[in-house]
Amino acid sequence: MRILHVADRLTDRGGAYTWMLGVVEALAEDHEVRLVVGEDDGAVTPPCPLAHQPGLEAREASPVELDDLVLEFAPD
């Protein structure tokens, strides 16, 4: 299964980010996973390919263009 996981940032700050990385790592064992983030502080190496999409890191609601990523990766 191909899974596209979208998050605001990639960091080692703990809490939700640590949980997210654990989920992505577990999924990557049996599935093809790609992680898309708006911001990456460079502190963590993800267990799958990483893509950057500006706007996902925004703290207020705003549209973010994901169509090209979805077309390229074709998640299930």
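Please read all numbers here as calculations on a predicted model, not as lab measurements. Just so you know, residue 1 is the first one in the sequence shown, and it goes up from there.
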- Item | Residues which pass side chain to side chain donor-acceptor pair (under 3.5 Å) with Glu32, listed by chain and number, not counting sequence neighbours |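 Partners of Glu32 by the side chain to side chain donor-acceptor pair (under 3.5 Å) criterion, ordered by chain and then number, come out as Arg2.
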- Item | Residues in side chain to side chain donor-acceptor pair (under 3.5 Å) contact with Asp41, at least two apart in sequence or another chain |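 Expected list: Thr11.
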Given the rule that I, L, V, M, F, W and Y join up when any side-chain heavy atoms are under 4.5 Å apart, are [X] and [Y] in one cluster?
{"X": "Tyr17", "Y": "Val23", "result": "no"}
{"X": "Val37", "Y": "Leu21", "result": "yes"}
{"X": "Val33", "Y": "Met20", "result": "yes"}
{"X": "Val36", "Y": "Phe73", "result": "yes"}
{"X": "Leu27", "Y": "Trp19", "result": "yes"}

- Message: Could you check whether any side-chain N or O of Glu57 sits under 3.5 Å from a backbone N or O of Gly55, counting only pairs where one atom can act as donor and the other as acceptor?
- Response: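 Yes; judged by distance alone, with no hydrogens or angles, the pair exists.
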- Quick one: CG on Leu35 to CG on Asp40, what's the gap to the nearest 0.5 Å?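 Reported value, rounded in 0.5 Å steps: 8.5 Å.
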- So which heavy atom on Ala28 is nearest to which on Pro47, and how close?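 Closest pair (atom of Ala28, atom of Pro47, distance): CB-O, 3.9 Å.
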- Residue pairs involving residues 60-76 (criterion side chain to side chain donor-acceptor pair (under 3.5 Å); sequence neighbours excluded):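 Passing the test, one end in residues 60-76: Arg34-Glu72.
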- Any side-chain heavy atom of Val24 within less than 4.5 Å of one from Pro46?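 Side chain of Val24 against side chain of Pro46, heavy atoms only: no contact under 4.5 Å found.
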